[in-house]
Amino acid sequence: MKKWFKSGTPWIWLNAGAIAVCILMVASIILLIASRGMVYFWPKDVMVADYNEPTQKKVLVVGELQNSKTVPAIVIKEGNENIPVPKDKLEFERYLIKESILKGDKYKIVFRTYLKDFLKSIQYPKNIVVVEQRSGGNFYGYFHAIKQKDSVIDKENIAGSLDKLLDRATELHDQIYEIEKDDIGTINYKKSNLNLEKIKLDFYKEKDIRKYQSLKISEAKLDAENDKLKTKLLSLRQKINRDILVFKTQDNKTFEINLANIIRIYQPNQLSVFGKSILYVEKFWEFLSDDPREANTEGGIFPAILGTVVMVILMTILVTPIGVIGAIYLREYAKQGVLIRIVRISVNNLAGVPSIVFGVFGLGFFVYVLGGSLDVFFYPERVDSNITTFGSPSLMWAALTLALLTLPVVIVATEEGLSRVPRAIREGSLALGATKAETLWRTVLPMASPGMITGLILAIARAAGEVAPLMLVGVVMYSPSPPIDLNPPFLHVDRTFMHLGNHIYGLAFQSPDSEAVQPLVFATAFILVMVIIILNLTAISIRNRLREKYRALEN
Amino acid sequence: MSSEPNIQKSSSRIQKYRGFKDSLARYIVNAGGYSVILAICLIFLYLLYEVVPLFYDTEVTKVSEYVMPGDSSKTLYLSTEGRLVISTRVTEKGKVYFFNTNTGKVTHTEQIKLPNNSKIISFYKTEPNKKGIVEKDEELEGKEIVVFGLDTGEAIIARHFFEVSHDEKGNRIITAKLDYPFSGKPIVISKQKRLEKISAEWDEDGISIITHDSDGKIKLSYLEKASTLDEDEPAEFEQSQITITELAVESVKQILVNKEQKWVYVLHKNNGLSFYDISDKKTAKLLQHIPSLTPQANVSDMRFLVGGTSLLIGTDAGKLMQWFPVRDQNNNYSLIKIREFSQQNAKISSISTEYSRKGFAAVDSKGHLAIYHSTADRILYNEFLTKKPILAVYLAPRADAVLIETVLVANQSNSSSTRSLQFWHIKNNHPEVSWSSLWGKVWYENHPEEKWIWQSTASHDVEPKFSLMPLSFGTLKAAFYAMLISIPLAILGAIFTAYFMASRMRKVVKPSIEIMEALPTVIIGFLAGLWLAPLVDKNLTGVFLILATLPLGILLASYYWNRVPSRYRHKIPDGWEAALLIPVIILVVWLTFNVLGPIFDNLFFDGSMSHWLGTGENKIDYKQRNSIIIGLAMGFAVIPTIFSIAEDAIFAVPKHLTQGSLALGATAWQTLSRVVLLTASPGMFSAVMIGFGRAIGETMIILMATGNTAIMDGSIFTGMRTLSSNIATELPEAAQHSTHFRILFLTALVLFLFTFVFNTIAEIVRQRLRNKYSNL
């Protein structure tokens, strides 16, 4: 024993334990996010049970079991004193169940906890249906009838005839959505532009009446177009409201849902694994491609993905040239001396400066100073009527701020790439009569390109996950208009945008029911983590391959 | 042959073009390089540029001086509106003169409607900038309600205000107006008695008027708004009256009622102060009587600081004090002298308070003007202005100007009737900032003692509390707990990975740590807040136990592995210990949480440690999102930073050193602890420095995994607010260029400098180390 201690083996094992703990932490976190995030889309069975807690009213529970937790008996006792706790019972199992409860004249989603011990006669009825509604979340019930304009048209084979009707409703809904979002959106965009134009004419005290008139004419045109669309919408809405589905709830009440409000209907308790898989893929796709609903707590995350991607692309366009040129300057052109050493250290340090400081700088300098002066220079008339164009947080400033944030990443990686190019290659090129620029462009840069790409990928990964500075310079919880649309100039850099990281923050910490949105947060986090891990692994593998290559060159 | 010159020509053109391209590239690259350098400097300089105005000196510049506009009777008070265009003068005869502030030219005159044959004896100007029944719109500046006490025993409530309109050319026209809110009729208080002193305050429900009449009665008259069904109907008021106390006319110097109409102060001629509670308007209770506010001198002026909580008291010896009521544990209020400001040279002749900040100006009889801020406990300006004795001072609503009433000609006696008026501009944008207000304990209004508080959301009545102490403390606390977790794990892990680990395993471990570094902090924060916090809360005992069980388990595993027959043991080569330990750790963690934890919980903590901590006799402040969570989550975020730098430093130790040591018969562990670690220790030091820098600036984890409350509490069971999370939550709401905005920039600058200095030190240490290695 003593010898064993003296040999130092226990300390070596303790060191090994530390790294094992680190690896386990990373692995378990990624596994946790992956499992929780992926489970979100799996259709759960719907449970029906009676809940009979002592001294409480007996209630009927219909819903999807979300998770179960063990809770110390003492905590349970505090909630309801009358719960009998046997001496040896230390913990209770508590279920979190997603239910739909009648509130006013609508069924709304609530998450409630139940103690497993008091849930009695649990069943999973085969014919129970889950209705995913566009507004209001899920509804659980049984088919009763299909109505068209107050007359029942079907009571027997509801599931069979439903598909066609639902397809029709979905198609109509898509048309309505297109008109509302795209066409009317375009009109509103044009109208606001006209308004800005009018402000400009007023500001410069334009004498030419014709200019005002032409503005009026275009406005009238837009109004007419708008009216036309509105009538079209009205007729579409009448059409879509034709079919009504009647349900019986578990407690034998009837409830009507307009087909227009239904996304999909399924009977999870009789779905096979294969059927559930198809549904899973469908839901996953919907999550990636749809707009959020119900204050971000339902629906998809498409705008957040789009905002992240557009912001990252803009940032890459900004950071690449400056980062690469900066690295070339430091490595190839600048006189190596004390000054350049200081600059190099400063660039390195910039990577260690808290990201929030970049946000503060971005808000103060880019948004207020730069944006403010751009506004005064280009649009004095808008400043006069308190309209900001560039002088408020927006996509452009967010991209610029993150470009500054990731600049050291790109510079350091590119410099490393440049430093790994053997001197012989440079000297050979120069000896053959190439100028410095030609040597750089034709030989050094191509060989250093993997280093640059590594830097860029790392920069992108960093930008995709960064939230704190963005909260100051342009990210919002919900943006009404996307940064890219069909209205020229198509890319609107002066708009605010949504971001995956901020979406997670907002969902997790600004929703009224944090328990309820947890699965959704995990799903969003899963997407973000996947993107970042893939980007990083790519960067790592490029770097490793690069090292091998130069090792071969050096020999 | 004939084509040769052509070739030469074209080749020289190509040469020129190449030369041009070369120099163009040089210019572009140089420009790019300089722009990078510029960008780094710009961040620092811009932050500095936003911060520096906080420390600017107060400037006071004279604009004009003129003979007091209007007649030569005594001035009751002067005021000016927000844009400083028109000022108002009210005289003891009830004349209201509106005049141009720059020139003193009277533009408009009004007469306050006084009952026949009555004279103004006393007057009081209520606190401006309040919303209430008479103030429905937002534009409050320049609207002031004044009450006059008459010799007929009646009180008149008047209000003067300004209306802004635009003429055809778009020029702004400001019109001065006078009206009579609160029913508009004179209010009968003491029939046919002179109202010697008067004071009043109002709100949505009514107005309280305190009077001292020639009978010696101090009365409270309360006009309560009667509820009317129709909003547009003129409001009706019901009057009630009580007598607070009786005091001889000569013995009372001043009476004041505070903004909330809760407290009445009576200042006696002998410098005593009585403090009454009138909150229910039906009874008056004497709370305290202070025999003498200043033993050596006489009180020369007493005013409320904005908000009506603090009393500012000036004496004829030039002393200035701030008093306010402080509540003790039994809910009893007593007036306490909070602070004394630096001495003036002569008798304080007049005090004027700011309309929206806790600042005030005081003038003395020798012609000095001094500007103070109470919370910052700071004298901002104290200069000699004029040789003429100053009689009164009036601050403008935005505290950007001051009107000073002096005697017309110097050396003239005070009793002479003509007066002169001086108009001065003040530049004083950030009086709230001082060393003591940022870092010292400050006694704030409505607080029982001196405290460090950060509370930036301030309205007119609540003073902003800009103490950076709780934030800095929180930052260090968070970093401390993070380092507590991360240093051992990262450094020990780095030692094993760099020195003992099999190279095949290294190829898996290093990328995993890089992935760990790349995980967005928003993800770590959300996991910490929503998943880890409840988990730790439930298994609190287990979390503490694991500190002991995990090392023990690892040591046990090591011991028994040593005793496994060597034919099995040698199947797994050296350097794979970490992989062997993974199942052991999983087992130990599971056992600790699921077996040992509950056993301890039931033995000592009635089943749940967190529950036990928060209740019962040993009740302590326990939060679910506490420093343990921060330590774990932020420790997790910092581990990879420390790990990679430390690992690099250990791995780069020249091989011949270790080989030499091993060849001399040292064991692997001896070589490591006596040779490798000694050589690599500067690198490990810089790794810890950089990790610390990262922990200092981390934002999202703090934002999501703590309660984000700014408290000064080192307990492991509470959360914190850090400099960075404070910026993230408050900067979007801070008004541009306000003091709050600039202080947030100051904290950003501090963070920037702090991490910059830390990283520079670490970087220099690392470069030295690299040189050392290359020399070995």
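Note: hydrogens, waters and symmetry copies are ignored here, and every other heavy atom, side chains too, is used. Letters go in sequence order (proteins before strands), and every chain restarts at 1.
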Would you mind telling me which of B:Val589, B:Leu519, B:Ile491, B:Val509 has the largest number of heavy-atom pairs within less than 4.5 Å of chain A?
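Of B:Val589, B:Leu519, B:Ile491, B:Val509, B:Val509 has the most heavy-atom pairs under 4.5 Å with chain A.
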
Relative to chain B, which segment of A:Leu535 carries a heavy atom at a distance below 4.5 Å: side chain, backbone, both, or neither?
neither

At a 4.5 Å cut-off on heavy atoms, which part of A:Phe358 comes close to chain B: side chain, backbone, both, or neither?
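Side chain only.
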
With a 4.5 angstrom heavy-atom cut-off, could you sort out which part of [X] is near chain A: side chain, backbone, both or neither?
{"X": "B:Phe758", "value": "neither"}
{"X": "B:Ile523", "value": "side chain"}
{"X": "B:Asp22", "value": "both"}
{"X": "B:Asn602", "value": "side chain"}
{"X": "B:Thr755", "value": "side chain"}

Closest contact, heavy atoms only, B:Leu555 versus A:Pro10:
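Smallest interatomic distance, heavy atoms only, reads CD2-CB, 3.5 Å.
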
As a test of understanding, state which of B:Tyr49, B:Phe745, B:Tyr46 forms a ring pair (Phe, Tyr, Trp, His ring centres under 6.0 Å) with A:Phe365.
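The single option meeting the ring pair (Phe, Tyr, Trp, His ring centres under 6.0 Å) with A:Phe365 is B:Tyr46.
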
Report the C-alpha distance between A:Arg36 and B:Trp531 in whole Å, list the side-chain angles of each, state the deciding distance to 0.1 Å, and finish with yes or no for side-chain contact (heavy atoms from CB on, under 4.5 Å).
CA-CA 11 Å; A:Arg36 292 272 185 101; B:Trp531 174 75; 3.8 Å; yes

Between A:Asn544 and B:Lys507, does the side-chain contact (heavy atoms from CB on, under 4.5 Å) criterion hold? Intermediate values first, please.
CA-CA 10 Å; A:Asn544 288 350; B:Lys507 274 189 188 153; over 6 Å; no

